Amino acid sequence: MNDKLKRISLLEFIFLIHGAQMGIGILQLPRELAEKSGTDGWIAIIFGWLVAIAMSLIIVQLMKFFPDGTLIDLIERFIGKWAAKIGALFYAAAYALISVTIMFRSILFIKAFILPRTADYLLFLLFAIPTYLILRTNMRVLGRYSVFVFLMLLWMPFFYLFALKDSHWLYLLPVIKEGWGPILKAVPGTSLSFIGFELTFLLYPFLEKRQTASAGIIIANTLTMLVYISITVICFAFFSPEGILDTNEPTLSILKVIEFHFLERLEIIFLAFYLFVVSTTWMPYLYWTTYCTNRLFGLKESSNTPLAVFLLSIVVILMFHHPTFNENDKWQKFNSYANYLLAYAFPICLWGYLLIRRAIRGRAST
Amino acid sequence: MKRLGTLFILTLLVFLFPGSPDKTDLEEMSIGLILGIDLDANDELVFYYSAPVFSKEARKKTEEHDAKNSSVRASRLKADTKTSSMITGGKFQVCLLGSRLLAHEDWFTLFDVFYRDAKFAVNTKIVAVDGPVSEIMSTVMKDKPPLPQFLTKLIDTADRRNITVRTTLQQLHRQMFEKGVTPAIAYIEKKNNIEVIGSALLSERGKLMKQLDQEENKLLRVLQRRNKKEIAFTVDIPGEEGKGLIDTGKLSILPDSIKTDIKCSYDGAKFRFDIKVNFIGALSERLFAFENRRRGEELDRKIGEQLQKRFESLLDKFKKSGIDPVGFGLYARAYQYEAWKQVQDDWGKAFAEAETEVSVTVKTRNMGSIK
């Protein structure tokens with residue numbers, strides 16, 4: 001753990017978290033918000049952001065109880081070896097499913113927009129090979145990959161400004177149409193859009209300067225919030241309040257209207273590049289899955305066998321099973337429950353337990 | 001051993017990946033650039049396609065096909081039987097709708113495939129045809145570029161001159177779904193040549209209600225706040241017409257800035273829209289004698305009055321047919337939400353009852369190089 005090479009810098013920490021947060025969800029976020037709270041949905045993002053920041057800070061506080069270890073180490077230290085195994089099992093299973101859901105969704109998008117007749121397993125293989133190459137070394141490589149992807153794709157948001165010339169800001173008025181009720185109803189959903197901050201469980205011990213963790217996580221959450229809010233507002237101003245409900249992925253569809261003299265169908269290129277962004281979501285999750293699996297079976301911490309076996313078995317599964325959007329939606333729903341449990345409920349309980357324990361110990365020692 | 005393993009896997013992948021079934025050869029494709037939809041004399045749906053022919057031997061540079069069928073996708077398969085290649089739909093530039101089709105409601109359901117199939121382009125321009133689509137499709141013009149190119153340019157330049165509306169598939173989707181606005185699309189006809197009439201105003205469900213000529217269309221664009229730069233207005237100034245055939249009291253202005261301000265209020269029974277339009281521009285033509293230096297402001301006022309009359313009659317036209325191509329409904333929703341909620345499902349009727357008040361101010365900054 002103290003190996004200098006494995007350490008990640010603050011910048012890498014920020015972009016790892018931000019990368020994990022920005023995934024496939026943004027493609028449909030504007031529609032989901034419009035379904036729940038109409039054109040006021042963007043306000044719910046701010047609330048979701050506040051919830052996410054509060055939760056992130058709790059997780060950082062939690063990790064301070066045992067700064068040199070991951071969440072699994074922390075459970076082992078304070079609760080016991082078997083509890084750690086059970087924890088590892090749950091996290092490995094949940095995050096394996098989450099990463100598979102994201103990867104399958106990406107395949108579905110590629111098939112819908114770019115390559116409708118290419119076999120699923122081939123596309124997955126194309127994801128799996130770079131994923132394996134990046135994940136097999138250490139956390140630092142992954143961190144640098146996240147920074148690289150972020151910087152390389154900084155140009156992408158600017159294309160959304162082209163869509164502005166055909167938008168109607170009147171759609172956003174009046175600002176609070178139906179009162180606060182519908183807005184608050186969307187907050188649980190938006191707080192899930194910020195899922196990714198819980199990677200701190202894994203990243204915290206690798207961080208070079210741990211005192212910067214809180215600042216780093218606030219920056220990462222804020223960055224994500226700014227992206228979410230600008231995309232959502234632009235989509236709301238572009239599609240009419242009724243029209244957006246009819247559009248499955250407004251974030252992609254909006255790009256179809258942008259055309260240059262030398263280039264049409266921008267959304268295809270955009271989606272292809274966006275896969276890099278999505279890959280920074282599934283990669284940390286797969287890393288975390290591998291880590292937990294290694295702990296579960298008592299393998300060496302740097303063992304890549306579970307990852308290789310996992311990716312290959314998905315390739316084989318995809319030869320027989322063909323994912324659909326509806327199935328993927330169900331998985332996403334299940335994942336959101338898992339996320340409430342593993343990223344929100346469990347850390348709060350654990351933190352509360354440790355605080356009480358410390359209070360009791362403190363009193364006992366005086 | 002390890003190196004050998006890697007080599008084996010790499011070789012395997014090299015054989016696996018290039019066999020993508022998604023590749024299509026350009027030679028085998030016929031790139032549909034125009035799609036026409038119409039009803040024939042027996043009220044059966046007919047679909048028309050026009051695609052460029054990439055062949056040195058072919059004398060005509062485009063090929064046209066038609067197919068009777070019940071949906072866009074199915075008709076494409078049928079049209080394929082008549083071509084030596086497969087027609088693709090991702091590049092349509094123009095979609096022509098015949099007037100027989102537009103006499104019916106709900107043709108918009110046919111458009112499902114454009115939005116559902118991600119391969120379709122959504123910048124296809126929607127154009128209504130006065131008369132049957134087949135007339136346009138069979139046009140052969142010796143002194144013009146091929147039909148797809150010509151129609152695209154025709155609409156684009158007309159749009160730049162503000163004499164039509166350039167409504168694309170994506171915008172039509174919005175206008176159809178948005179409750180506070182009714183669709184307006186470009187309108188062309190075939191006389192000796194293919195000409196732009198102006199725009200076709202549709203009802204909320206797509207039936208052709210009214211048409212706007214080119215002058216009216218400019219006003220519509222001003223009200224929509226979507227006017228392009230090249231816009232000029234010619235008005236008759238009463239009291240200045242001479243006796244002859246030529247000196248009719250006409251005058252043209254070329255505004256460089258047009259500001260439209262729409263305010264919406266609600267008095268408990270009906271909506272009221274106060275529309276202020278402010279033109280600032282240059283005098284570009286005057287067919288009568290006038291002392292511009294001394295009576296410039298009087299002239300400005302007279303131009304304003306004329307334009308105001310035109311706006312008023314245009315708004316009356318909208319209200320009489322219960323259509324709202326300007327999108328006053330958006331203002332109603334944005335500023336009078338509670339009242340809007342009551343009438344949103346029948347906005348056309350509520351708008352027909354609304355009061356509209358237009359006031360136009362004109363300021364000529366510049367009388368030109370001569371007095």
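Throughout, protein chains are lettered first and strands after them, A, B, ... in sequence-line order, and every chain is numbered starting at 1. Since the model is a prediction, treat every value here as computed from it, not as a measurement.
Nearest heavy atoms, A:S167 versus B:R226: O-NH2, 3.2 Å. For the pair B:Q170 and A:F239, the tightest heavy-atom approach, listed with the atom from each and the gap, is NE2-CE2, 3.4 Å. In terms of heavy-atom proximity, B:L330 sits nearest to A:L170 at CB-CD1, 3.9 Å.
With rounding to the nearest 0.5 Å, the separation of OH in B:Y115 from NZ in A:K256 is 10.0 Å.
Of the two parts of A:T247, only the side chain, counted from C-beta on, holds a non-hydrogen atom closer than 4.5 Å to a non-hydrogen atom of chain B. The contact between B:K179 and chain A is made by backbone and side chain atoms together, counting heavy-atom distances below 4.5 Å. Looking at A:I129, the atoms closer than 4.5 Å to chain B (heavy atoms on both sides) all sit in the side chain, from C-beta outward. Of the two parts of A:E267, only the side chain, counted from C-beta on, holds a non-hydrogen atom closer than 4.5 Å to a non-hydrogen atom of chain B. In this structure, no portion of A:K111 lies under 4.5 Å from any heavy atom of chain B. For A:N248, no part lies near chain B; criterion is any non-hydrogen pair under 4.5 Å.
Enclosure of atom CZ in A:F273 is not indicated, since only 12 or fewer non-hydrogen atoms of other residues, nucleotides or ligands lie within 6.0 angstrom. For B:R160, the CZ atom counts as loosely surrounded, since its 6.0 Å shell holds 12 or fewer non-hydrogen atoms of other residues, nucleotides or ligands. In B:K228, the NZ atom is crowded: over 12 heavy atoms of neighbouring residues, nucleotides or ligands sit closer than 6.0 Å. When the shell of 6.0 Å around CZ of B:F150 is examined, it contains more than 12 heavy atoms from other residues, nucleotides or ligands.
The side-chain tip of B:R174 points at the ring of A:F238 from less than 6.0 angstrom away and within 45° of straight on.
For the set A:P174, A:P241, A:S253, the count of heavy-atom pairs under 4.5 angstrom toward chain B peaks at A:P174. Listed options B:M176, B:H173, B:R333, B:Q336 were ranked by heavy-atom pairs under 4.5 angstrom with chain A; first place goes to B:R333.
The residue from B:V122, B:T168, B:L169 that alone fulfils the side-chain contact (heavy atoms from CB on, under 4.5 Å) condition with A:V257 is B:V122.
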What donor-acceptor contacts under 3.5 angstrom involve side-chain atoms of residues 156-164 of chain A, with partners at least two apart or in another chain?
from: A:Y160; atom 1: OH; to: A:T251; atom 2: O; distance (Å): 2.8

